[in-house]
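First up is the structure itself, then whatever we jot down about it.
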Amino acid sequence: MDEALHERVRDVVAAIPEGRVATYGDIAALAGAPTPRLVGRVLREDGGDLPWHRVLRATGKPADHLGGEQLARLADEGVPARDGRVELGRYRWDPR
DNA sequence: ACTATGACAGACG
DNA sequence: TCGTCTGCCATAG
């Protein structure tokens, strides 16, 4: 296993500001993960205290098993979802 | 060593 | 815009 990567991913996810969202691909790039799939893997194990609800797929749709749960939390943080989808062009986190 | 699976992404029709 | 197929890398059986 790669503990370092594991920790980096947690860091990145934890760094996502409120009212912003990021895609698995972004997290992977920032954390240096070879593929976005690993990001999902990490979240599945360590999701605990991390704001995993701010991580969406490239399409702006939440992961299948999360359903509307994630959208509900986002809406509560000020990220409206239109028809089960978030406007990434607007709410996508731009780390700068 | 091989196959199947998965919190994904990009290309295609 | 949407559904499907393929590529991706790590784990589990």
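Every chain is numbered from 1, with letters handed out A, B, ... down the list of sequences. All values derive from a computational prediction rather than experimental measurement.
- dC12(B) and dC8(C) have their P atoms separated by 15 Å, given to the nearest Å.
- When all heavy atoms of A22(A) and I16(A) are compared, the pair lying nearest together is CB-CD1, 3.9 Å.
- Distance noted for atom P between dG13(C) and dA7(B): 16 Å (whole Å).
- Protein atom CG of L71(A) is 14 Å distant from nucleotide atom C1' of dA7(B), rounded to whole Å.
- For R85(A) and dC2(C), the shortest distance from a side-chain N or O to OP1 or OP2 is below 4.0 Å.
- Residues L56(A) and Y91(A) are not in side-chain contact: their nearest non-hydrogen atoms beyond the backbone lie 4.5 Å or more apart.
- Across L88(A) and G60(A), no two heavy atoms sit closer than the pair CD1-N, 3.5 Å.
- Distance CG (D64(A)) to C1' (dA9(B)): 14 Å, rounded to an integer number of Å.
- Taking atom CZ on R57(A) and atom C1' on dG6(B), their separation rounds to 11 Å, with Å as the unit.
- Under the salt bridge (charged side-chain N to carboxylate O under 4.0 Å, His left out) criterion, the residue pairs touching residues 76-85 of chain A are R54(A)-E77(A), with sequence neighbours excluded.
- Which of dC9(C), dA7(B), dA9(B) sits closest to the side chain of L38(A) comes down to dC9(C).
- A straight line from CZ of R92(A) to P of dA9(B) spans 10 Å, rounded to a whole angstrom.
- The salt bridge (Lys or Arg N to Asp or Glu O under 4.0 Å) test with D94(A) singles out one residue from R92(A), R96(A), R90(A), and that residue is R96(A).
- Set against dT11(C), dA9(B), dA7(B), the side chain of R41(A) has dT11(C) as its closest nucleotide.
- One can place NZ of K61(A) at 11 Å from C1' of dA7(B), the figure rounded to the nearest angstrom.
- Of the candidates dA7(B), dT11(C), dC9(C), the closest approach to any side-chain atom of T35(A) belongs to dC9(C).
- T59(A) comes within contact range of no nucleotide atom at all, as no heavy-atom separation falls under 4.0 Å.
- Across the protein-nucleic acid pair, E45(A) atom CD and dA7(B) atom P stand 12 Å apart, rounded to whole Å.
- Atom-to-atom, CZ of R44(A) to P of dG6(B) comes out at 8 Å; the value is rounded to the nearest Å.
- When the C1' atom of dT1(C) is taken as reference, atom CD of E87(A) falls 15 Å away, rounded to whole Å.
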